[in-house]
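These notes are about the structure you will find just below.
We name chains A, B, ... by the order of the sequence lines, and we start the count at 1 in each one.
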Number of protein chains: 2
Amino acid sequence: MLSKKAQYAFRALTALVEEDMPRLQSLEGQSPHDPAVPVPLNLLVQKHPMSVKFLETIFLELRKAGILGSKKGKGGGYYLMRHPEDVPLAQVMRVLDGPIAQLPCVSLNFYEKCEGCNEQQCGLHRIMSDVRDAQLGVLENRSLWDLARAGR
Amino acid sequence: MLSKKAQYAFRALTALVEEDMPRLQSLEGQSPHDPAVPVPLNLLVQKHPMSVKFLETIFLELRKAGILGSKKGKGGGYYLMRHPEDVPLAQVMRVLDGPIAQLPCVSLNFYEKCEGCNEQQCGLHRIMSDVRDAQLGVLENRSLWDLARAGR
DNA sequence: TTGAATCCTACAAATTTGGTGGGATTAAGT
DNA sequence: ACTTAATCCCACCAAATTTGTAGGATTCAA
């Protein structure tokens with residue numbers, strides 16, 4: 001299951017992209033993406049009611065992971081470091097919830113060997129690898145842009 | 001992530017199928033599947049070290065869900081109610097870990113509406129539905145038989 | 001009658017989740 | 001300089017979930 005953290009994050013990030021939508025549309029595939037106007041948390045929270053304090057810790061993690069940038073002080077806030085099209089959901093999920101795979105021994109980014117199990121001949125390992133590939137097939141190919149653009 | 005419960009279950013069920021392998025192979029697609037010889041837990045635990053007591057509670061759940069049958073008393077134990085080929089991993093996981101979907105609002109078997117979100121135009125809903133389909137595409141089509149047969 | 005097994009419920013320990021509180025720091029506007 | 005609005009940072013906390021354990025009751029075969 002997605003944690004509440006990830007769920008809140010996706011709502012807030014959607015709102016963040018929507019906030020920046022006019023400027024983003026005028027760019028139309030131009031890169032590099034020059035940093036957007038910072039949006040303060042309390043603005044995002046107005047659109048999707050949630051604890052500002054909690055969202056603060058969430059966005060802090062995303063900033064440390066290089067997905068968000070921030071500006072302090074009056075007129076400050078958060079902004080995306082890349083064009084939303086270049087931020088796959090998988091990346092956000094890994095930052096907030098850790099591994100996407102269902103088992104450590106099939107994780108690409110958080111691999112851990114499981115003791116007492118030869119991966120070559122472990123049925124569970126093979127099947128869960130297939131599940132991981134299936135999940136990543138979606139999550140690596142859907143971006144924050146897809147997320148925000150959905151209802152329109 | 002798969003819970004320890006589900007992981008233990010899969011190991012033990014694999015051992016259970018292997019225990020019954022000679023008889024199963026002689027059946028070769030015959031149905032209905034006549035109940036197998038009961039295998040006691042302490043035998044399964046010898047092959048994959050884990051707490052018998054914990055496995056007991058796990059197998060109890062699987063029995064109540066109709067996946068396993070049991071025989072009490074001396075010479076008793078657990079057996080599969082169906083041919084392992086007819087037990088998809090998805091079913092075992094739902095019994096022990098609950099929903100497979102990453103969000104209640106995209107779950108087929110444990111659906112719950114998420115308040116304040118129109119599913120028709122919710123980007124997350126659409127994407128997580130795709131993820132669910134991708135997962136189920138694997139988990140509904142891999143059985144205990146596939147699990148046990150893997151290394152051979 | 002004995003021993004081997006499941007059945008059942010309650011509880012306990014450990015971990016994770018979902019936050020909250022209080023201040024420190026930074027920056028813009030006046 | 002002062003005020004105000006914002007992020008930054010870290011500690012802590014309560015609730016829920018996970019991961020078992022304990023102890024007996026029941027069943028059945030030999």
Among [options], the nucleotide that comes nearest once only the side chain of [X] is considered:
X: A:Ser3; options: C:dC7, D:dC8, C:dG18; result: C:dG18
X: B:Thr57; options: C:dT20, D:dT21, C:dC8; result: D:dT21
X: A:Lys72; options: D:dT26, C:dT20, C:dT26; result: C:dT26
X: A:Pro40; options: D:dT7, C:dA5, C:dC8; result: D:dT7
X: A:Leu60; options: C:dG29, C:dT6, D:dC9; result: D:dC9
X: B:Glu56; options: C:dC7, C:dG19, C:dT26; result: C:dC7
X: B:Lys4; options: C:dT26, D:dG20, C:dA27; result: D:dG20
X: B:Arg63; options: D:dT21, C:dC8, C:dT6; result: C:dC8
X: A:Lys53; options: C:dG21, C:dG18, D:dA6; result: C:dG21

Expected output: side-chain [X] to main-chain [Y] donor-acceptor under 3.5 Å:
X: B:Arg132; Y: B:Val106; value: yes
X: A:Gln7; Y: A:Leu2; value: yes
X: B:Asp133; Y: B:Asp130; value: no

Output yes when at least one side-chain N/O atom of [X] is less than 4.0 Å from OP1 or OP2 of [N], else no.
X: B:Ser51; N: D:dT21; value: yes
X: B:Tyr8; N: D:dG20; value: yes
X: B:Lys71; N: D:dA29; value: yes
X: B:Tyr78; N: C:dC7; value: yes
X: A:Asn42; N: D:dA6; value: yes

Sugar-phosphate, base or nothing in reach of B:Gly75, heavy atoms under 4.0 Å: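 The residue B:Gly75 makes no contact with any strand.
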Sugar-phosphate only, base, or nothing, as touched by A:Phe59 at under 4.0 Å among non-hydrogen atoms: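 Touches nothing.
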Mutual orientation of the aromatic rings belonging to A:His83 and A:Trp145 [parallel < 30°, tilted 30-60°, perpendicular > 60°]: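 Taking A:Trp145 first and then A:His83, their aromatic rings sit tilted (interplane angle of 30° to 60°).
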Point-to-point distance, once rounded to the nearest 0.5 Å, from NZ of A:Lys47 to CG of A:Leu16: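 Taking NZ in A:Lys47 and CG in A:Leu16, the distance rounds to 9.5 Å.
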